Protein chains: 2
Amino acid sequence: MATIYEVSKLAGVSLATVSRVMNKNTPVRESTRKKVEAAMAELGYRPNSIAQSLASSRSNSIGILVSELHGPFYGAMISSIEAEFRTAGKHVIIAAGHSEEATERDGIEFLLSRNCDALILHVEAVSDEYLVQLKAKEIPFVLINRQVPAIEGHCISLNNKLGGYLATQVLLKQGHRELGYISGPLWKADAQDRYRGHKLALQEAGIDWDERRLFEGDFHESGGSDGIKYLLGQGLAFTGLICANDEMASGAMTEAREQGLSIPQQLSIIGFDNVMLSHYTYPKLTTIDYPIAAMGQMAARWVLKHIYQQQSLQLQLVFEPKVIERDSCVSQSSTAR
Amino acid sequence: MATIYEVSKLAGVSLATVSRVMNKNTPVRESTRKKVEAAMAELGYRPNSIAQSLASSRSNSIGILVSELHGPFYGAMISSIEAEFRTAGKHVIIAAGHSEEATERDGIEFLLSRNCDALILHVEAVSDEYLVQLKAKEIPFVLINRQVPAIEGHCISLNNKLGGYLATQVLLKQGHRELGYISGPLWKADAQDRYRGHKLALQEAGIDWDERRLFEGDFHESGGSDGIKYLLGQGLAFTGLICANDEMASGAMTEAREQGLSIPQQLSIIGFDNVMLSHYTYPKLTTIDYPIAAMGQMAARWVLKHIYQQQSLQLQLVFEPKVIERDSCVSQSSTAR
DNA sequence: TTGTAAGCGTTATCAC
DNA sequence: GTGATAACGCTTACAA
């Protein structure tokens, strides 16, 4: 591979000049620029990004830590992040945290050891304090889907409470008054917030909260099916079911059907996230849209603005969920049970 | 950030010695190693990987190019690749090619410019010649899901023909003799091979091949629904349908249902890939398993073996698909149409 | 077993 | 505008 040195020799200029035409930061005489460019072309010169990084102490790489690389959710997020950075000439290094504290810390350490200019984190297990401490260190980061008060400016989040509220409203508006709720693990802030929104909607509708109507699931399919079994076991009637994510909604749907309930005729189900699978279930799942792609893009812009000085970018830190009406919820009048 | 130099001063040894204890490649006296390690701990020293890369001309990074980052398929692949490399202390840089020739080339260029030690490519649009030329250049790569004869040793692929054959056999064994086939774009080698396998199975079963029973789809949902419309429009009876991937099978399922066919009672459908969604459809999709996670892992091992000299690793270049029986196919005897 | 010193390919600070 | 030249933080012969 040709180096800047060979280019400078061929062009009959100094190293420094070649560097200048590459970086366009210092004026260079038109004629010499041409010479240099010709030499670069002739040698098929490509700058060595490692050497650039060492000299400039900018790696132009951004670390991304997500819970899982597979699954329906993070792909969309990574995709939008990658696209945004790619056009900016930055690249993306990825790692998985598997929702476990130790692994998440490891992942962050790993990314740090790679000299990333910034980190985009979707972490769940790590504590708020850890993140606050992390801010004290040298590497800047943004958080996706998490609100940490002490570092608010670093958080890109969804209004999960509103989401839970909206989901519940969909069913209430359809006349359902007997509801079940399958939550995510309540130690996770987003699960907690969604549930809060649910309770708020109930309260506004004058429906008493009943603990027996809550099942705490795991955000996976099994949580949905376990939830159905549990709710049916309580001996309470319910014609509407809110699930705190689509995977649980899918599990609930399957299990409900196995228990002899037809969906949506006997039970309306609404999910949350609007991941790909919600489109594939039968009936197609009514759900709450989580604009994860837009949020990923915004995280990328945050980095571009704060780290790479693209000052002109506008930022939005809090996103709003919205209802996606499909086929899994129908009005109570058409429901019999 | 502390540098190797500060560590050496604190430990009272030379730069070189510190480097040696880090890399464990040259014997170091136990006592001095202790001193150095103590110094490193005291300073919270972390090696600068950029400087290491420049000095050793090893970036310890591997570029991955896939068609799409979102979607059900590549997530599983990236996930297994990342896991394998992570334990080896390497990291992964990703880029998307979007199945377009120009973008795929760009992606490869981009990854090359990042000084990756090796590339793992899942490319579809780029020509065989391009890849052969690429081999001539300095950066080594493995191909996933593609067979290029001239560089066979670099190809990790699925026996797609066998897959098409097996899928067809599932239906044949269930007594179906009137079949439809919704293919992927036939310019893609995998789509072509799957279709070949289908024809072979037909031939062995003594069933004449009928061009009207083939619809060339796009590997997306719309391909499945268009396929159903087309096949129904041909006025030919069929009780079994093979789709060259799961997304098209899902589209076909939905459309068939809209056309008044019940699945699987009136039409058995089999997919291909066994991506996550096949599990979410109703009925659950019978399909052909594409061991993409295992293949991704193998690609990572290929790199570990060939580039990072982990000689002991065993490699497997060709993988076999296998049938995953679920609920979307039933025997012809229970079918009426 | 350890130290010295020459790179690795850039960027950036000076002079000129 | 342009050219020397000193970093950047590490690896790796080569000596000792």
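As the structure is a prediction and not an experimental result, all values here were calculated from the model. Any value given below was found using the heavy atoms of this structure, including those in side chains, with hydrogens, waters and symmetry copies removed.
Remark: aromatic rings of F73(B) and Y290(B) are close, center separation under 6.0 Å. Between H154(A) and F141(A), a ring centre-to-centre spacing shorter than 6.0 Å is recorded.
Remark: K188(B) fails to qualify as a cation-pi partner of F219(B) under the 6.0 Å distance and 45° angle criteria applied to the six-membered ring.
Between D128(A) and R146(A) a salt bridge is recorded (basic side-chain N to carboxylate O distance below 4.0 Å). A salt bridge links K34(B) with E30(B): the distance from a Lys NZ or Arg NE/NH1/NH2 to an Asp or Glu carboxylate oxygen falls below 4.0 Å.
Between the side chains of S157(A) and N145(A), not a single donor N or O lies within less than 3.5 Å of an accepting N or O. In the model, S49(A) has a side-chain atom that pairs as donor or acceptor with a side-chain atom of N115(B) under 3.5 Å.
Chain B approaches DNA chain C over the interval dT1(C) to dG9(C), counting the first and last nucleotide 5' to 3' with an atom under 4.0 Å from its heavy atoms.
Not counting sequence neighbours, the partners of H122(B) by the ring pair (Phe, Tyr, Trp, His ring centres under 6.0 Å) test are Y74(B).
In the region residues 18-26 of chain A, proximity to DNA chain D at under 4.0 angstrom, judged on heavy atoms, holds for R20(A), T26(A). The stretch residues 37-48 of chain A touches DNA chain C through Y45(A), R46(A), P47(A), N48(A), each having a heavy atom under 4.0 angstrom from the strand. Contacts between residues 107-114 of chain A and DNA chain D, defined by a heavy-atom separation under 4.0 Å, are absent.
Of the candidate nucleotides dT11(D), dC8(D), dA4(D), dC8(D) has the atom lying nearest to any side-chain atom of L54(A).
The overall bend of the helix from dT1(C)-dA16(D) to dC16(C)-dG1(D), read as the angle between its terminal helix axes built from five base pairs each, is 30° when rounded to 10 degrees.
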